[in-house]
Amino acid sequence: MRSSELSAHNSLAYTADFAADVRRDLSLAPKQLQSKYLYDALGSSLFEAICRLPWYGITRAETRLLETYAPEIVSRVCLPRGTGQLDRTTPTIVELGCGSGEKLVILAEALQTAGAGARVHLIDISSQALEQSERTLGRMRHISVVGHRETYEVGLRDAAAERDGGPMLVLLLGSNIGNFDMPAADDFLRSIRDALARGDALLLGADLVKPEAALRLAYDDPLGVTAAFNRNLLVRINNELGASFDLDAFAHVAVWNARAQRVEMHLESLRDQSVRVQPPAALRALAETEPFTVRFARGERIWTESSYKYGPAQIEEMGKRAGFSTEAQWIDDVARFALTLLTVNR
Ligand code: AVJ
């Protein structure tokens, strides 16, 4: 589905899926909610604010690396090796989880300097992120931009179906890979690999393991923006699914799980309580949107996100397991963040 083709019916179906997922995931032990639902319009704005926090280094580190290495990335993937000449065919660039689109601008500028164009596909679950990045990139005349409000898998399949003879570069940036557990991360990278052909590449941005104090500040910042980002999930359930979450009764908790190499975000119930979820009548026509009640014990948590952190070699190994070779790896030593260019050679 293209963002411009979003219809009321589709967003109703999306909300029905949200209702079914919330109902199922709050009945699990431990209770959980999928992190993709953090990104409604307010959630996307709060995430943009997180990216500017002095304690959250991922976005700035990745931007520094892209500013330095974009010309090299473009010439390695988009220009035939050794010739320094442009291919006659147009490269396709697909960004999975485009956010505001600012990182793609850096690559697009490097393409322009090399005299190349590109067909750009933006895949994001957030319509506000898509609109913003379409606006940001729409001003650039040497690229064409299509937005897809889809999951990564569906969006990538749609974008790959539209490619022509040029090389394809998939961008999975901002440590978005970190939201995937194992073996889901392996399966996901394998599905990207399977959508690609010889000469194509995946540019993977992934956050590295660093001292616990730095991780805690990044995910539980002194301004409370990350707490607002997390608790907004309850605001969203209240607004879209007619729930009665008392926001003051849930606290943001971020923990570093060293054994699993991940930061976990949770929402902790501050008292024993029951919450009623009563989806609006328009949704009831669709399956699994019956009203329900969720009971919380004091101290019980809803697990809302995992952000895995890696060692540089672990990123290469993950790529290798999915059928990629490492073409290059660049590391920002200030924030401990890695950008890895993985290529398909068979
Ligand atoms: C966009 C998934 C990479 O995990 O660091 C930021 C989201 N969560 N602060 C991350 C997030 C809390 C972010 N990702």
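Just follow the structure's listing: the first ligand is 1, and inside any ligand the first atom is 1. Side chains included, hydrogens not; waters and symmetry mates left out as well; all remaining heavy atoms used.
- Checking side-chain atoms of N179 against main-chain N and O of S306 turns up a donor-acceptor pair under 3.5 Å.
- Heavy-atom separations between G174 and ligand 1 include at least one value shorter than 4.0 Å.
- A donor-acceptor pair under 3.5 Å is formed between the side chain of S244 and the backbone N or O of R276.
- Of the N and O atoms on the side chains of E316 and T326, at least one donor lies less than 3.5 Å from an acceptor on the other residue.
- The S307 neighbourhood of ligand 1 comprises atoms 4 (O), 5 (O), 10 (C), with distances under 4.0 Å to a heavy atom of that residue.
- Counting atoms of ligand 1 from 1 in the listed order, those under 4.0 Å from a heavy atom of S175 are 3 (C).
- By the criterion of a heavy-atom distance under 4.0 Å, the side chain of Y39, and not its backbone, is placed next to ligand 1.
- The ligand atoms of ligand 1 that sit less than 4.0 angstrom from a heavy atom of F47 are 1 (C), 6 (C), 7 (C), 13 (C).
- Among protein heavy atoms, the minimum distance from atom 7 (C) of ligand 1 is reached at E305 OE2, 3.3 Å.
- The shortest contact between atom 13 (C) of ligand 1 and any protein heavy atom is with Y56 OH, 3.3 Å.
- For the pair I123 and T151, the tightest heavy-atom approach, listed with the atom from each and the gap, is CG2-O, 3.6 Å.
- Among all heavy-atom pairs drawn from A108 and H142, the shortest one is O-NE2, 2.8 Å.
- Rounded to the nearest 0.5 angstrom, D332 CG and L66 CG are separated by 11.0 Å.
- In terms of N/O distances under 3.5 Å, ligand 1 is approached by Y219.
- Among the atoms of T226, none of the N or O lies under 3.5 angstrom from an N or O of ligand 1.
- Residue K309 has no N or O atom closer than 3.5 Å to an N or O atom of ligand 1.
- Within ligand 1, the atoms closer than 4.0 Å to a non-hydrogen atom of N179 are 2 (C), 4 (O), numbered from 1 in the order shown.
- Counting only N and O atoms by type, the side chains of E48 and Q132 include no donor and acceptor under 3.5 Å apart.
- Residues D181 and Y308 bring a donor and an acceptor atom of their side chains to less than 3.5 Å of each other.
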